[in-house]
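In what follows, a single structure is set out as structure tokens and then discussed.
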Protein chains: 2
Amino acid sequence: MKKLTSRQIEILRFITTFIKNNGYGPSVEDVRLFFGFKSPNAVTCHIRSLINKGYLSKELGKARSIKIKFSPFSGIPILGKVAAGKPVVVEDFSEDVLFSKDEMENVFALRVKGDSMQQAHIYDGDYVIVRRNVGINNGDIVAAVIGEEATVKYFKKIKDKTFLIPANPSYKPVEIKENFILGKVIGVYRKI
Amino acid sequence: MKKLTSRQIEILRFITTFIKNNGYGPSVEDVRLFFGFKSPNAVTCHIRSLINKGYLSKELGKARSIKIKFSPFSGIPILGKVAAGKPVVVEDFSEDVLFSKDEMENVFALRVKGDSMQQAHIYDGDYVIVRRNVGINNGDIVAAVIGEEATVKYFKKIKDKTFLIPANPSYKPVEIKENFILGKVIGVYRKI
DNA sequence: AATTATACTGTATATTTATACAGTAGTCAA
DNA sequence: TTGACTACTGTATAAATATACAGTATAATT
């Protein structure tokens with residue numbers, strides 16, 4: 001990822017938060033007004049730079065068609081450390097985020113039933129976050145279809161046979177066809 | 001929430017997936033072309049209905065300024081049951097979703113350190129999803145600032161004193177001032 | 001039976017919006 | 001010291017876009 005100038009960071013931050021606050025993107029004019037530019041071309045050039053560096057994309061001629069490709073400001077901010085007292089504010093550029101657009105591409109959720117994975121800290125009622133079309137290695141946790149139900153198990157391939165292995169030792173491994181695997185489990189979410 | 005007609009559901013579904021796929025909203029013309037309407041007014045009327053029923057909002061005169069207020073199609077789809085074999089498709093209207101816009105309002109994440117909540121299945125390295133400005137009751141899990149660090153504990157109020165109680169019995173309850181509470185923990189996420 | 005809402009066609013138009021082109025001035029690396 | 005990149009001003013304009021107004025026909029509600 002190419003480095004941004006401080007001005008470009010400001011522009012990207014504005015666009016990201018504008019979308020977060022309004023649900024749709026800013027027009028060139030919106031950006032111009034915010035920064036006090038006297039020419040719309042100032043905005044156009046900045047957007048072009050951000051596109052060239054891979055942070056944005058845009059459909060030529062279409063209004064408010066900026067799409068965020070990568071932004072350190074989108075997603076749920078992860079507030080690692082907090083200074084004593086309130087309020088908590090997102091700090092700056094390098095801040096990490098959860099559920100960024102990128103991360104959530106080709107992703108769906110499944111509700112977990114049963115206790116076959118509780119040794120892996122996946123419990124009944126949890127949601128597993130599954131990504132499609134991604135490489136799977138031995139030891140990965142996968143979601144797969146067995147019969148009519150979707151289940152979550154460890155993946156293990158021995159020679160040309162594929163097995164699903166529960167974390168709970170009271171259940172037995174199952175052999176399955178590889179094309180019944182829905183995807184790789186990339187996360188677990190539990191509502192409280 | 002007012003009921004939608006089947007046509008309105010189709011329109012809402014199109015708008016929602018358009019935003020998901022493109023990162024920005026459709027223009028009236030985009031919707032018109034997709035449905036094959038011969039007049040843009042057909043779209044305008046449908047959008048007006050969806051606004052009146054509380055599913056959308058829009059800035060008058062602004063291009064692509066549709067904002068989704070409530071949509072059963074946004075967020076990460078939860079695929080509960082799966083028919084035998086692939087592929088898995090999101091079914092229909094009543095489908096549930098995770099991380100909808102609504103749900104993620106005023107939300108941030110904190111990385112969990114230590115084992116003080118492992119009895120509540122919150123482990124070292126997990127992310128707690130915290131909502132600000134929401135009512136907190138006894139027994140809720142909250143995120144709070146103690147000294148220079150953020151922690152996650154059970155909330156308990158006895159008379160006019162507020163305590164934070166760890167799930168792990170080897171740690172002791174702490175009394176704190178209520179304004180050091182950052183918010184209510186509404187979920188736990190673990191990357192795998 | 002009357003009223004309201006749905007679901008459009010058809011036309012017209014104001015304005016929002018993006019973008020091109022021509023410059024200026026400063027910085028920064030080769 | 002030349003070229004590339006940044007960071008803008010200033011002007012002009014084609015095109016994208018939303019929306020208003022006038023209708024028609026059907027279904028649902030009261």
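A note on names: the letters A, B, ... follow the listed sequences, proteins ahead of strands, and every chain is numbered from 1. Basis for what follows: all heavy atoms, side chains included, without hydrogens, waters or symmetry-related copies.
- Applying the 4.5 Å side-chain rule to ILVMFWY residues, one finds Y123(A) in the same cluster as Y123(B).
- The interatomic distance linking N52(B) (CG) with dT6(C) (P) rounds to 8 Å, in whole Å.
- If you measure from atom CD1 of I9(A) to atom P of dA7(D), you get 10 Å, rounded to the nearest angstrom.
- When the side chain to side chain donor-acceptor pair (under 3.5 Å) test is applied to K191(A), the partners found at least two apart in sequence or on another chain are E103(B).
- One hydrophobic cluster holds both L182(A) and I192(B) under the rule that ILVMFWY side chains link at heavy-atom gaps under 4.5 Å.
- Contact annotation: R48(A) side-chain N/O to dA20(C) OP1/OP2 distance is under 4.0 Å.
- Between dT11(C), dA7(D), dT11(D), one nucleotide has an atom nearer to the side chain of S39(A) than all others, and that is dT11(D).
- Side-chain rings of F99(A) and F99(B) approach one another, their centers coming within less than 6.0 Å.
- Rounded to 10 degrees, the angle between the two end axes of the helix from dA1(C)-dT30(D) to dA30(C)-dT1(D) is 50°, with five pairs used at each end.
- Distance, E10(B) CD to dA7(C) C1': 12 Å, rounded to whole Å.
- Distance from the side chain of T44(B) is smallest to dT19(D) among dT19(D), dA7(D), dG10(C).
- Distance, R32(A) CZ to dG10(D) C1': 11 Å, rounded to whole Å.
- At whole-Å resolution of the value, CZ in R7(B) and C1' in dA28(D) are 18 Å apart.
- Side-chain N/O atoms of K38(A) include none lying less than 4.0 angstrom from OP1 or OP2 on dT11(D).
- Contact between the side-chain N/O atoms of K53(B) and the OP1/OP2 oxygens of dT6(C) is found at a separation under 4.0 Å.
- At distances below 3.5 Å, at least one donor-acceptor pair connects side-chain atoms of D140(A) with backbone N or O atoms of N137(A).
- Annotation: salt bridge (Lys or Arg N to Asp or Glu O under 4.0 Å) contacts involving residues 150-174 of chain B, sequence neighbours excluded, comprise K157(B)-E178(B).
- Qualifying ring pair (Phe, Tyr, Trp, His ring centres under 6.0 Å) partners for F155(A), counting only residues two or more places apart in sequence or in other chains: none.
- OP1 and OP2 of dT6(C) both lie 4.0 Å or more from every side-chain N or O belonging to K3(B).
- The distance from atom CZ of F35(B) to atom P of dA7(C) is 11 Å, rounded to the nearest whole Å.
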Open item on the list: Protein within reach of the bases, or only the backbone? For nucleotides 21-30 of chain C, mark each nucleotide 5' to 3' as B, S or -, using heavy atoms under 4.0 Å.
Closed with: BB--------
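- Every residue two or more places apart in sequence or in another chain was checked for a ring pair (Phe, Tyr, Trp, His ring centres under 6.0 Å) with F163(B), and none qualifies.
- OP1 or OP2 of dT6(D) has not a single side-chain nitrogen or oxygen of H46(A) nearer than 4.0 Å.
- Applying the salt bridge (Lys or Arg N to Asp or Glu O under 4.0 Å) test to pairs two or more places apart or on separate chains, those with a residue in residues 14-34 of chain A are E29(A)-R32(A), D30(A)-R64(A).
- At the heavy-atom level, T5(B) lies under 4.0 Å from the strands shown only through sugar-phosphate atoms.
- Between the CZ atom of F18(A) and the C1' atom of dT17(C) there is a distance of 13 Å, given to the nearest Å.
- OP1 or OP2 of dA7(D) lies within a sub-4.0 Å distance of a side-chain N or O belonging to Q8(A).
- Under the rule for a side chain to side chain donor-acceptor pair (under 3.5 Å), K62(B) has no partner lying at least two apart in sequence or in another chain.
- Legend: residues meeting side chain to side chain donor-acceptor pair (under 3.5 Å) with R190(B), ordered by chain and number and at least two apart, are D126(B).
- The OH-P distance, from Y24(B) to dT16(C), rounds to 22 Å in whole Å.
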Open item on the list: If you apply the rule salt bridge (charged side-chain N to carboxylate O under 4.0 Å, His left out), what do you find for E10(A) with R13(A), and how did you get there?
Closed with: CA-CA 5 Å; E10(A) 288 183 67; R13(A) 191 207 310 263; over 6 Å; no
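- Under the ring pair (Phe, Tyr, Trp, His ring centres under 6.0 Å) criterion, F18(B) pairs with F14(B), sequence neighbours left out.
- Nearest to the side chain of S49(A), among dT19(D), dT6(D), dT9(C), sits dT6(D).
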Give every pair of a protein N or O atom and an N or O atom of nucleotides 15-17 of chain D that lie under 3.5 Å apart, one pair per line with the distance.
from	atom 1	to	atom 2	distance (Å)
dT17(D)	OP1	A63(A)	N	2.8
dT17(D)	OP1	R64(B)	NE	2.9
dT17(D)	OP1	R64(B)	NH2	3.0
dT17(D)	OP2	R64(B)	NH2	3.3

